[in-house]
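All ligand and atom numbering here is 1-based and tracks the order in the structure. Just so you know, these numbers come straight off a predicted model, no measurement behind them. All residue numbers in this chain count up from 1 along the given sequence.
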Amino acid sequence: MKSVERHISDILGLVRPLPPIELDLLRAQGAVLAEDVAAPVALPPFDNSGMDGYAVVAADVAGASGAAPVRLPVAGDIAAGDTGAHAVRSGYCARIMTGAPMPAGADAVVPVEWTDGGRAEVAVHRPAAAGNAVRRAGGDVGAGDTVLRAGARLGAAELGVLASVGRRTAPVHPRPRVAVLSTGEELVEPGKPLAPGQIWESNGYMLTAAAITAGCDGHRHSFVGDEPSAVLDAIDDVLMQADIVVTTGGVSMGAYDPVKEALAGLGTVRFEQVAMQPGKPQGFGTVGEDATPIITLPGNPVSAFVSFYVLLLPALRRMQGVAPDPLPTVSARLSAPVSSPPGRRSYLRVRLEEAPGADGPTAVPASRQASHQLSALADADGLAMVPEDAETLPEGTEVAVLRLPRP
Ligand code: AMP
Ligand code: MG
C-alpha cells in the first residue's frame, strides 16, 4: 500500500499556485497576496491633531494650572479635511479637531478636556508639552515602507491596511475554484423524501463547505448516479468553472464504481490504495484539455472528510500561493484505549479537553468511529493519528492530533 506522505506529494505534484490577478479589495477577502505592497506616501501624510482641542505653542501654556489658567485668544477653527493654510503665533491658539492638519507654528495640542472649551478665548488649566496629541507625518509608515508581504491572507486587518495605503485593488492568487461532484445511485437531495434503499447526499455539502473554509471558492454540483458515461458528462460540465475537481464515491472495489470505470479509461488518473484508515481507496490525476487536476475521494462520508483534510488541503494551499502545510498538530493523551488496522495510519475523531492541572490536553475518542458514522464528526475537534505500526494504544498514550478548523 502507498504511504500517506507519498500520496500527498503526488497530489501536490499536480498543482501550482494560481496565476495572480488584480481583485477589488472586497473581492480579495480570503485570497492570498501575490506581491509585497508598499506605501506610496508617508502615513499619516501630514502632521495632524490626535485629539479635539487647541493647537498652541507649548511654551505659552507651560505655566498653566487650575489656579492660574493661561488665557489665549482663539484665532480660528481647523476641522478634519480643512485644506486651507493655517498658522498660529505665540500668544494665540486655534481650535482643532481630531485628524485636522496642524497649523504652522503650533507644536502641541491641548485637549479640550484641559480647558474651558471657549470659542473666542480659551482658558487652559494644564500645560501641554511640545508634541502633545500631535500625530507626526510618517508616524505610521514611511513612504516606500512595505506594509504587507506576499503570502499574507487578506482578512479584515489586511484589507484595511491596503485601503489605508491607497489601494483599490490587490494582486492576489485567486481563490481556487473547487468543483465538488458526488456520485451514487442511492443519493437523494436533502429536503426530498427517501425511498427504500436511498440516503440523503451529504458529502457534497460537507466538502464544499470544507473548501470554502479553506479559502477556496467551493461549488457543489448536482450529483450523478452510477453510470460511467454520466460521470464523464458531469466532469465535462464542471471543468469550465473549476481549477480542481473533487469527486466522491465510486472508487472502491465494488461492481458499480463508475468514477473508477470512467476515469481509468482516460489513462490520466491513477487509482491506488493508501495506507490510511479511513480513506484507503483514492485516485488522482488530470482531466480535460487543460489537464485540470482531479482528486477522487471515497464515498463514505468520514473517509471523504478525512481525505479532504489529510490529502487535499496541502494542494489547495499550494494553489493559493501559501506553503502546503498540513493541519496544525497538538500532542494529547488518549482518554481510552484505541485500535487500528496493522500497516495503516488511523485518523480517529477525537474531542480535545483541557483538564485543569493536567500537563496537556486529553484526546477523547468519539464512541462511533466507523467511516459511515458521520454524526460523531460534528463533535470532533481533531483527528488523532495512530501510527502504521501500532495495532492498539493503551489509555494515556501520547498521540499527535490534527486540529480541525472551525468556521
Ligand atoms: P462508494 O465509495 O461509492 O462505494 O460509497 C461508499 C458509501 O458511502 C456508501 O454507503 C454510499 O452510500 C456512501 N456515500 C457515497 N457518496 C455519498 C454522498 N455523496 N453522501 C452520503 N453518502 C455517500
Ligand atoms: Mg457509490
Side-chain angles (χ1 to χ4, degrees), residues 1-2 7 11 178-213 216 218-235 237-238 242 244-265 269-285 287 294-312 341 344 346-347 349 366 368-380:
M1 253 185 278
K2 188 183 184 185
H7 197 65
I11 293 178
V178 180
V180 178
L181 183 65
S182 300
T183 66
E185 208 62 50
E186 71 280 26
L187 303 178
V188 172
E189 186 64 36
K192 294 194 175 149
L194 289 181
Q198 295 183 325
I199 59 167
W200 284 300
E201 198 287 304
S202 56
N203 291 354
Y205 287 97
M206 179 177 68
L207 295 172
T208 304
I212 292 169
T213 303
C216 302
H219 287 283
R220 172 182 177 261
H221 290 272
S222 41
F223 49 88
V224 291
D226 282 336
E227 191 56 55
S229 64
V231 172
L232 279 182
D233 286 349
I235 290 173
D237 282 351
V238 306
I244 185 167
V245 178
V246 180
T247 67
T248 74
V251 292
S252 26
M253 314 296 267
Y256 300 94
D257 279 322
V259 173
K260 204 170 178 177
E261 239 178 285
L263 296 178
V269 183
R270 268 164 47 198
F271 293 92
E272 295 172 319
Q273 311 270 298
V274 178
M276 62 193 280
Q277 157 76 22
K280 185 170 61 152
Q282 297 287 343
F284 73 100
V287 280
I294 185 167
I295 311 299
T296 68
L297 306 180
N300 270 312
V302 180
S303 313
F305 183 90
V306 170
S307 303
F308 178 95
Y309 279 109
V310 172
L311 304 173
L312 189 54
R344 290 159 72 188
S346 281
Y347 293 88
R349 283 150 281 164
R368 298 183 302 282
Q369 292 285 350
S371 53
H372 64 291
Q373 291 169 327
L374 191 57
S375 58
L377 197 56
D379 264 345

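Side chains of Met206 and Leu377 form a contact here, defined as non-hydrogen atoms less than 4.5 Å apart. For the pair Asp257/Glu261, no side-chain contact is recorded, criterion being any heavy-atom separation below 4.5 Å from C-beta on. Side-chain contact between Pro278 and Asn300 is absent, with no heavy atoms from C-beta onward closer than 4.5 Å. Residues Pro298 and Ser252 fail the side-chain proximity criterion, which asks for heavy atoms closer than 4.5 Å.
Of the possible donor and acceptor atoms, one in the side chain of Asn203 sits under 3.5 Å from a partner among the backbone N and O of Gly299. In this structure a side-chain-to-backbone donor-acceptor pair under 3.5 Å is missing from Glu227 to Pro258.
When the heavy-atom distances from atom 2 (O) of ligand 1 to Ser371, Gly299, Ala304 are ranked, the shortest goes to Gly299. Here atom 9 (C) of ligand 1 lies nearest to Glu186 when heavy atoms of Gln198, Glu186, Lys260 are compared.
The atoms of ligand 1 that sit less than 4.0 Å from any heavy atom of Ser182 are 19 (N). The distance from ligand 1 to the heavy atoms of Ser252 drops below 4.0 Å at these ligand atoms: 2 (O), 4 (O). In the vicinity of Ile199, heavy-atom distances shorter than 4.0 Å reach the ligand 1 atoms 12 (O), 21 (C), 22 (N), 23 (C).
Nearest to atom 17 (C) of ligand 1 among the protein's heavy atoms is Asn203 ND2, 3.3 Å. Here the protein heavy atom with the shortest distance to atom 10 (O) of ligand 1 is Asn300 OD1, 4.2 Å.
Sparse packing is recorded around OH of Tyr256, with 12 or fewer heavy atoms of other residues, nucleotides or ligands lying under 6.0 Å away.
Below 3.5 Å of separation, one finds an N or O of Gly250 facing an N or O of ligand 1.
Using a 4.0 angstrom heavy-atom cutoff, Glu201 counts as in contact with ligand 1.
Screening Val269, Ile244, Val245 against Ile295 for a side-chain contact (heavy atoms from CB on, under 4.5 Å) leaves a single residue, Ile244.
Looking at Thr183 against ligand 1, only its backbone comes within 4.0 Å, counting heavy atoms. Residue contacts with ligand 1 for Ser202 involve both N, CA, C or O and side-chain atoms from C-beta outward (heavy atoms, distance under 4.0 Å).
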